[in-house]
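Letters A, B, ... mirror the listed sequences (proteins, then strands); counts begin at 1. Everything quoted here is computed from the prediction, not taken from an experiment.
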Amino acid sequence: MTHRLLQIDDDPVILFLHNKLFSKYTNSKIEQFKNGKLALDHILANNGPDISYMLLLDINMPVINGWEFMDEICNLGLDRSISVVILTSSADYADLDKSKSYDNIVHFIQKPLTREKIEKIPLLLEYLNLQ
Amino acid sequence: MGTLNKFYGWRWDEEDPIFKNLEYIKKVLGYVAPDDQSFTANNFKELFYPGDFELLQKSWKAYKTGTNHSFEKSYRFKHKDGSWRWIKESGLANEFNPSNNPIGAIGTIQEVTDKKKKNTHLKSILKSVSIIILRLKQDSNNNLKVEHISEEALQHWNIPCKTLLKDEDYLRNLAHKDDLGRIRTALNNSFSKMEFFECQWRVVSQEDKIIWCQGVGTPIKDKDGSCFLDIVITDITKEKLYTEQLKVSEEKYHSLFQHSPQPSWVYNLETLAFLNVNSAAIEKYGYSKDEFMGMTLADIRPECEMKYLEKQVQKTRENYLNLFDGHFKHITKKGEIFTVHLYSSPITYNGQKCRQIIAIDISEKMKYLKFIENQNKSLKKIGWMQSHELRAPLVRLMGLINLLNDHDSICKEEMNYINKEIINSANEMDVMTKNIAKIINDTQLKEKRNDAQIIAD
């Protein structure tokens, strides 16, 4: 079984910060996508029964936003093999409530991501180890 | 009944006193005299209604010692079946002694039970309808005097009446002093012009209660040239009281309607014509009352509302008792269109099915509502900007500052990038906060304009 961790965020500064953070846990470079469409294309191209994904997903993004992306993977029946951690700068409680309506969203984290926050999510640590 | 109403003759003289008509005794009273034991001399008295025998004896004695030729007396007598029968005896003397006292007479005896019953019934009716019959007579010197007054009704009203017939100033007892002038004038008019008399006045009863009376009658001239007037007087106290209460209630309604600060009117549901408008409506719509009285509902509705008006009126006609309220557009005489919250309720006005309307101008309320809605929109927008847009550069800044604590992992190139992005994020935040401040300023400006407009209005 292959475990793949993907980052989806349109903010290059955030992606830079996350790379610096993840470098403390893994030598491998975590794959990054500027929007949900690119990530979805990648998953569809590389999907298989022996691959499970964990996505660090931003909400406010161009092309398709985080929620549209979530609906798309549900429609495609990919939600069982994809675990999602929402990583957003939003302080809107409506977003937190909405995240609860998706079974495969395992965590809802407000940016900025820190080592303390990473270490509170065992599944994320597991994925970082397996990269 | 024919037998009962039959007259039976009798004859009386000193040797042959009453009750000699055997047919009468048998057919009217049911006794077979003289065989019937109950009809013997000893029991005879017992057959009279208590007290009636003594009265009969007394009047009989008075007749025999008097000089009157005619005799008439009624009394109650027990029938063989046990019931009481009214008997009337009347006769005329045909023999006299030297002192002119009757010593013999002939006459008739008759059962009058039915007639008596009818009279009693009539009396009780008269008593319950509270009617006084007053006969006034005017002599040749134009002086009025009470000739007759029905006593039962007077007792019922508790007016002192025993002295009334003798009293020259009878009106004093019959009417409140403040109404005496009015009655005298009406009486004088009636007698002098021989016209129908009609007058309403107050009577103070013995218990100091005010009784309202109405008297009506037509004067009649007698053969001797004197006039008399039979006045039928009825107690109209209750009627007066109801009329008074109705008047008070109508005045109260009228005052509430007229002095209501909200425009209000009554309209005819069939013709839609205005039937009454209050002063607030006159002021608000700019039409005078006379103008309103020649207008219909359509005249205070803008052209675009006509269909809506027709629809609503149709609905109300189908369900007259329906209460409804709603928002409508109205137009003043000057052409100013405004929104009203209208309350419509059924009312019977001058016997017609009408509707009463209260129309509250809510244009200003709507302005405020619109303003508050806009303000809420602005607040929502600011909230969204703060939680989404402003937080993006902020979290970037926080992340970059966190990274600065980890000197060892940062190369020179990365340090330059971090510095540049710190400045970019700070600038971005600056722009965002200025945008938020602009939204707040715009909202406040709108508020000031709105206030100024309301003051100007």
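The number of heavy-atom neighbours closer than 6.0 Å to CG of Asn27(A), taken from other residues, nucleotides and ligands shown, is 12 or below. Summarising the local packing, CG of Asn319(B) is surrounded by more than 12 heavy atoms from other residues, nucleotides or ligands at distances under 6.0 Å. Heavy atoms from other residues, nucleotides or ligands lying under 6.0 Å from CD of Glu283(B) number 12 at most. Within a 6.0 Å sphere centred on NZ of Lys365(B), other residues, nucleotides and ligands contribute 12 heavy atoms or fewer.
When heavy atoms are compared at a cutoff of 4.5 Å, Thr88(A) does not approach chain B at all. Contact annotation for Asp92(A): both backbone and side-chain heavy atoms come within less than 4.5 Å of a heavy atom of chain B. With a 4.5 angstrom heavy-atom cutoff, Lys20(A) touches chain B only via side-chain atoms. Using a 4.5 Å cut-off between heavy atoms, Ile418(B) contacts chain A through its side chain alone, with no backbone atom that close.
Of all heavy-atom pairs spanning Ala91(A) and Arg391(B), the tightest one is CB-CD, 3.4 Å. Among all heavy-atom pairs drawn from Met398(B) and Pro112(A), the shortest one is CB-CG, 3.6 Å. For the pair Leu403(B) and Phe16(A), the tightest heavy-atom approach, listed with the atom from each and the gap, is CD2-CE2, 3.7 Å.
Here Asp11(A) contributes atom CG and Ser425(B) contributes atom OG; the two are 7.5 Å apart, rounded to the nearest 0.5 Å. Ile14(A) CD1 to Leu400(B) CG: the interatomic distance, rounded to the nearest 0.5 Å, is 7.5 Å.
Contacts with chain B were tallied for Ser90(A), Ser89(A), Pro12(A); Ser89(A) has the most, counting heavy-atom pairs under 4.5 Å.
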Exercise. Should His388(B) and Asp95(A) be marked as a side chain to side chain contact (heavy atoms under 4.5 Å, CB included) after you check the CA-CA gap, both sets of side-chain angles, and the distance that decides it?
Worked result: CA-CA 11 Å; His388(B) 294 95; Asp95(A) 286 333; 3.3 Å; yes

